[in-house]
K.L.:
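What follows is a single structure, and I will ask about it in a moment.
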Amino acid sequence: MQETKPKNLPFFSELPAYFSRLESQKRVRSLDPPSGLDLCSNDYLGLSQNLKLQEALKEGIDLYGAGSTASRLVRGHRTVFEELESEFSNWVHSESSLFLANGYAANVGTISCVADPSYMIFCDRKNHASLMDGVRLSGGKKIYYRHCDMEHLEDLLKKYSGHANKMIVTESIFSMDGDASDLPALLSLKEKYGCLLYLDEAHSIGVFGEKGAGLSSAQVPSEISNIDFRMSSFGKALGLEGAMVSTSADARKYLLHSARTFVFSTAPMPAIAHAGLTSVQLVQEMNEERKKVLALAEHLRSSLQAIGKDTGNSSSQIVPILLGSEAHALDLADKLAGEGFQAKAIRPPTVDVSRIRVSINAKVEKNDLDRFIRIIQEN
Ligand SMILES: Cc1ncc(COP(=O)(O)O)c(C=O)c1O
């Protein structure tokens with residue numbers, strides 16, 4: 001009988017040994033469905049379970065059918081995408097925005113089509129993989145600065161000040177540490193050294209700022225238009241999927257024609273954009289949920305610190321519990337799961353220090369957190 005799979009090729013033949021190494025390091029993950037109290041998702045406002053949003057999604061399918069059938073440049077476009085882009089831009093005070101399939105595609109597609117090999121790209125050491133993949137694909141020269149260290153960034157900008165094309169790439173709230181960028185400092189460095197600024201607002205949109213319009217609207221409301229690109233994922237606080245890149249009208253037009261993850265990819269389901277309109281409307285009214293999430297996160301941090309735990313520089317709904325070893329992180333995550341809490345161990349190389357990454361959402365109650373803290377204290 002003929003072999004259907006070329007098992008003798010090195011890739012396939014090396015897999016059993018590869019997985020046995022991973023098994024011994026407890027690195028083979030099972031894909032568990034959600035269970036227990038959610039302390040690990042990015043559904044910060046609980047919008048993924050909101051009935052109005054779910055109704056809007058169903059209505060979107062009734063109105064537009066299922067798939068979009070092609071790239072927006074071919075036959076995938078519907079006016080609802082533009083309606084959403086316009087509503088979103090009004091909300092986050094941007095001249096315009098472009099909707100892409102997800103934050104990963106938005107970061108990779110935008111950075112790789114704006115920058116090219118003539119660029120020096122200054123990257124926070126803890127930037128998300130999607131930002132770094134965009135940087136790599138652009139062919140620009142990647143220069144890391146120490147995490148959130150504005151003095152180090154300035155030293156590097158000074159060193160390369162003669163270079164014409166420069167870009168700073170960072171997140172506003174960092175996904176694994178829950179700490180925040182200093183946006184006024186970034187904007188002043190951008191002006192002083194003549195750089196583009198690319199800001200990933202994936203974890204701040206919906207949670208920070210006026211009406212949840214992101215950390216930029218909280219920290220630099222009057223200078224927001226000086227941030228050249230802001231990427232906001234719809235997959236986190238907005239409860240859906242997809243992502244917006246907010247920028248100037250001309251830059252949007254350029255991305256629409258040149259960002260490869262936009263041009264060469266089937267447009268998202270129009271129903272997602274239809275539901276996106278509801279999400280953008282709902283999220284602006286959720287001040288109480290925002291307050292609750294941030295107050296609970298503060299309670300968690302102060303309680304953990306009081307029992308001697310290290311929560312790094314977290315100042316958001318994301319609270320890492322930094323631990324001495326991978327084994328401790330894995331063991332603690334198992335114990336928490338046994339007690340009905342879903343909080344995951346995150347280990348090197350994804351992060352520098354093993355941890356339990358806790359993310360607070362609006363469905364969590366204080367007594368749940370207090371029970372969670374007691375388990376941490378005992379373990
Ligand atoms: C900081 C950051 N940027 C971008 C993304 C990608 O966004 P999406 O999940 O919409 O693809 C993530 C998701 O994990 C993220 O944490």
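Each ligand, and each atom within it, is numbered from 1 in the order the structure gives. Position 1 is the first residue of the sequence, and the numbers go up from there.
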K.L.:
Listed by chain and number, what are the salt bridge (charged side-chain N to carboxylate O under 4.0 Å, His left out) partners of E326, not counting sequence neighbours?
P.N.:
R27, R347
K.L.:
Report all N/O contacts between ligand 1 and the protein shorter than 3.5 Å as a table of atom names and distances to 0.1 Å; if there are none, say 'none'.
P.N.:
unit_1	atom_1	unit_2	atom_2	d
ligand 1	3 (N)	D200	OD2	2.6
ligand 1	9 (O)	K236	NZ	3.4
ligand 1	10 (O)	G103	N	2.7
ligand 1	10 (O)	S233	OG	2.8
ligand 1	11 (O)	G103	N	3.1
ligand 1	11 (O)	Y104	N	2.9
ligand 1	14 (O)	H128	NE2	3.3
ligand 1	14 (O)	K236	NZ	3.1
ligand 1	16 (O)	H203	NE2	2.6

K.L.:
How would you list, by chain and number, every residue that makes a salt bridge (charged side-chain N to carboxylate O under 4.0 Å, His left out) with K192, sequence neighbours excluded?
P.N.:
E154
K.L.:
Would you give me the side-chain donor-acceptor pairs under 3.5 Å for residues 257-273, sequence neighbours excluded?
P.N.:
unit_1	atom_1	unit_2	atom_2	d
H257	ND1	K253	O	2.8
S258	OG	Y254	O	2.9
T261	OG1	A105	O	2.7

K.L.:
Go through the steps to decide whether S181 and E171 satisfy the test side-chain hydrogen bond (donor to acceptor under 3.5 Å, both in side chains), and finish with yes or no.
P.N.:
CA-CA 7 Å; S181 276; E171 296 175 33; over 6 Å; no
K.L.:
Do the side chains of V114 and V108 join up, straight or via other hydrophobic residues, at under 4.5 Å, putting them in one cluster?
P.N.:
no
K.L.:
Where does the angle between the aromatic ring planes of F234 and F99 fall among parallel (under 30°), tilted (30 to 60°) and perpendicular (over 60°)?
P.N.:
perpendicular
